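Just so it is clear, the model here is predicted, and its values are computed rather than measured.
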Amino acid sequence: MMRKLLGLLSLCCFLILPAITQAASLPMLPGKNAPDSAGKVGATLNGAVLKNALAEYKNLSRKEKKFRIKESKALLKEYKVQKKAGTSTDTNTLLLVILAILLPPLAVYLHENAINTKFWIDLLLTLLFFLPGIIYALIVILGG
């Protein structure tokens, strides 16, 4: 019974958590509490909203378009600097830490985006002794 439950839990982690970590790294979109351009609460990004945004952008003057692009580039540059410095809060890291406690090799794989030496070391540590596998996964994820 316990073996079946553990197998089902690991299968769910392999199928669901990559989608969650991918969604966590996406930029914030209008959600339940954020009003859209029409003032409606609960808006989601769909084709109509996207078409309206594109139409609005096309109606801007050339000077306004340049200003918005310049502003977007500045914000992106600032975000990259914060991310590189480690000052930006990242939900992805929190999810990886939780996953490192449950399934350390999977957390290392998702952090590294490849099966490399760190993954194999963590897999070996986890198979031999579970606690060192967790510690090593946390070092890999939080160490950079």
Side-chain angles (χ1 to χ4, degrees), residues 1-58 60 64-144:
M1 178 68 181
M2 187 66 152
R3 185 175 281 177
K4 288 181 182 179
L5 184 62
L6 185 61
L8 184 60
L9 178 65
S10 63
L11 180 64
C12 288
C13 288
F14 280 115
L15 296 176
I16 295 171
L17 285 176
I20 292 172
T21 57
Q22 182 70 20
S25 63
L26 293 175
M28 185 80 92
L29 297 175
K32 293 180 180 176
N33 297 328
D36 65 355
S37 59
K40 295 179 183 176
V41 176
T44 58
L45 187 64
N46 57 25
V49 173
L50 187 59
K51 286 179 184 178
N52 289 340
L54 283 173
E56 181 182 330
Y57 181 75
K58 287 180 182 178
L60 294 175
E64 289 175 356
K65 285 181 184 179
K66 282 185 178 182
F67 176 73
R68 287 205 181 174
I69 290 173
K70 188 176 179 181
E71 188 178 57
S72 299
K73 285 182 181 180
L75 288 173
L76 183 62
K77 191 175 184 180
E78 180 182 331
Y79 171 75
K80 286 182 180 180
V81 168
Q82 286 179 350
K83 187 174 181 181
K84 192 172 186 178
T87 57
S88 65
T89 58
D90 196 8
T91 310
N92 195 17
T93 305
L94 178 64
L95 290 174
L96 285 175
V97 167
I98 293 169
L99 188 59
I101 294 169
L102 298 174
L103 293 168
L106 179 61
V108 171
Y109 169 73
L110 291 175
H111 181 264
E112 297 291 319
N113 292 326
I115 297 178
N116 55 13
T117 310
K118 292 179 181 179
F119 170 80
W120 290 113
I121 291 171
D122 190 58
L123 182 65
L124 182 67
L125 287 172
T126 303
L127 290 176
L128 294 176
F129 313 100
F130 193 72
L131 187 61
I134 292 173
I135 294 170
Y136 183 75
L138 290 172
I139 289 171
V140 169
I141 292 168
L142 298 174

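- Closest of all the heavy-atom pairs between His111 and Val140 is CE1-O, 3.6 Å.
- When every heavy atom of Asp122 is checked against every heavy atom of Gly133, the shortest pair comes out as OD1-O, 2.6 Å.
- Residues passing the side-chain contact (heavy atoms from CB on, under 4.5 Å) test with Phe129, sequence neighbours excluded: Pro132.
- Taking each heavy atom of Lys118 and Tyr136 in turn, the nearest pair found is O-CE2, 3.4 Å.
- The side-chain contact (heavy atoms from CB on, under 4.5 Å) test applied to Phe130 returns Pro104, Thr126, Ile134, not counting sequence neighbours.
- Between atom CG of residue Leu96 and atom CG of residue Leu142 there is a gap of 9.0 Å, rounded to the nearest 0.5 Å.
- Taking Ile115 as the reference, Tyr109, Phe119, Trp120 meet the side-chain contact (heavy atoms from CB on, under 4.5 Å) condition, with sequence neighbours excluded.
- Residues satisfying the side-chain contact (heavy atoms from CB on, under 4.5 Å) test with Lys80, not counting sequence neighbours, are Leu76.
- For OH of Tyr57, the number of neighbouring non-hydrogen atoms (other residues, nucleotides, ligands) closer than 6.0 Å is greater than 12.
- Each of Ile121, Leu128, Leu127, Leu123 was evaluated against Leu125; a single residue qualifies, Ile121, per the side chain to side chain contact (heavy atoms under 4.5 Å, CB included) test.
- Here Ile141 contributes atom CD1 and Leu99 contributes atom CG; the two are 7.0 Å apart, rounded to the nearest 0.5 Å.
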